Protein chains: 2
Amino acid sequence: MNKFGDLIRSKREEQEMLLRHLSAQLDMDTAMLSKIERGEKTVKREHIETLAKLFKLDCNYLFSLWLADQVFQLVENEKQALQALKIAEKELKINNET
Amino acid sequence: MNKFGDLIRSKREEQEMLLRHLSAQLDMDTAMLSKIERGEKTVKREHIETLAKLFKLDCNYLFSLWLADQVFQLVENEKQALQALKIAEKELKINNET
DNA sequence: ATTAATTTGTCTATTTTTGACAAACGTATT
DNA sequence: AATACGTTTGTCAAAAATAGACAAATTAAT
């Protein structure tokens, strides 16, 4: 799963931007951006806002995709992945209430 | 949240073991085990099975606690934590089906 | 106060991640 | 086929994160 990168790529292509155009705005080289779009690397937190503004996306939503990708990476390939997520989620809810 | 460490500690105390007894079995010093039980450090994967056997716990369950703690650490303090978990979970389910 | 158990802090070694750069690849155009 | 352009891949050094040994401090018990 690479929802973040996929979205950025689709938005970029939608606007007919090249890697080099966007990478310049993010102050990185095209190779890096390419890797980010394909989920091989992760963009820095600070870049999320920039990207959201650029593509008129909801910043919180974009951030949640970014975070979800990282969670996914952590648990994918694990047999107990779903169970672990459920446990974490439950705990999170408890903490939010109190 | 530190479900893994809490469980180990409670099991250890239940059996009136000292840190030094358990730490010897895990081939680490007491300081390290102390940190693990309090969630300051994470135990190595290989240790999970040892611990499960020692305390007669379900290895898969213990592993899922261990993983959940790591997921939790990743998202705690994030406003979008729950949303991110939901997204990851959804994706996980899709992947499991196919 | 002494001893025992646990916790905390510090410091080095190891591992992991980052990102720049160059080279390779694919595709279209001439 | 050769060139040009966009993208991807590989490599490598620097930087950051983590691990874990050890010592010292803290807490608790006798």
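Keep in mind that what you see is a predicted model, and the values were worked out from it rather than measured. Every chain is numbered from 1, with letters handed out A, B, ... down the list of sequences.
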(message) Measuring from the side chain of A:R38 (C-beta onward, heavy atoms only), which nucleotide among C:dA4, D:dT9, C:dT10 has the closest atom?
(response)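 From the listed options, D:dT9 comes nearest.
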
(request) Could you work out which one of C:dT8, D:dT7, C:dG19 sits closest to the side chain of B:K35? (result)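 Of C:dT8, D:dT7, C:dG19, C:dT8 is nearest to the side chain of B:K35.
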
(request) Establish, with yes or no, whether the OP1 or OP2 oxygen of C:dT6 is under 4.0 angstrom from a side-chain nitrogen or oxygen of B:R12. (result)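 Result: yes.
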
(request) Look at B:R20 and C:dA5 and indicate whether a side-chain polar atom (N or O) is within less than 4.0 Å of OP1 or OP2. (result)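 Looking at the OP1 and OP2 atoms of C:dA5, one of them is under 4.0 Å from a side-chain N or O of B:R20.
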
Euclidean distance, atom [atom1] of residue [X] to atom [atom2] of [N] [Å, nearest integer]:
{"X": "B:L18", "N": "C:dT3", "atom1": "CG", "atom2": "P", "result": "18 Å"}
{"X": "A:Q70", "N": "C:dT16", "atom1": "CD", "atom2": "P", "result": "17 Å"}
{"X": "B:M28", "N": "D:dA19", "atom1": "CE", "atom2": "C1'", "result": "11 Å"}
{"X": "B:E40", "N": "D:dG20", "atom1": "CD", "atom2": "C1'", "result": "12 Å"}
{"X": "A:L33", "N": "C:dG19", "atom1": "CG", "atom2": "P", "result": "13 Å"}
{"X": "B:I36", "N": "D:dG20", "atom1": "CD1", "atom2": "P", "result": "8 Å"}
{"X": "B:R45", "N": "C:dT15", "atom1": "CZ", "atom2": "C1'", "result": "17 Å"}
{"X": "B:E46", "N": "D:dA19", "atom1": "CD", "atom2": "P", "result": "12 Å"}

Between [Y] and [X], is the closest basic N to carboxylate O distance under 4.0 Å?
{"X": "A:K53", "Y": "A:E49", "answer": "yes"}
{"X": "B:E78", "Y": "A:R45", "answer": "yes"}
{"X": "B:K86", "Y": "B:E89", "answer": "no"}

(request) On DNA chain C, check which nucleotide each of B:R9 and B:K41 is closest to and give me the residue with the more 5' one. (result) B:R9

(message) Go nucleotide by nucleotide along DNA chain C from the 5' end; which of B:L19 and A:A31 gets its closest nucleotide reached first?
(response)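 Counting from the 5' end, the first nearest nucleotide belongs to B:L19.
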
(request) Identify the residue among B:L62, B:L54, B:V43, B:L65 that makes a side-chain contact (heavy atoms from CB on, under 4.5 Å) with B:I8. (result) B:L62

(message) Which heavy atom of A:L26 sits nearest to which heavy atom of A:H47, and what is that distance?
(response) O-NE2, 3.1 Å

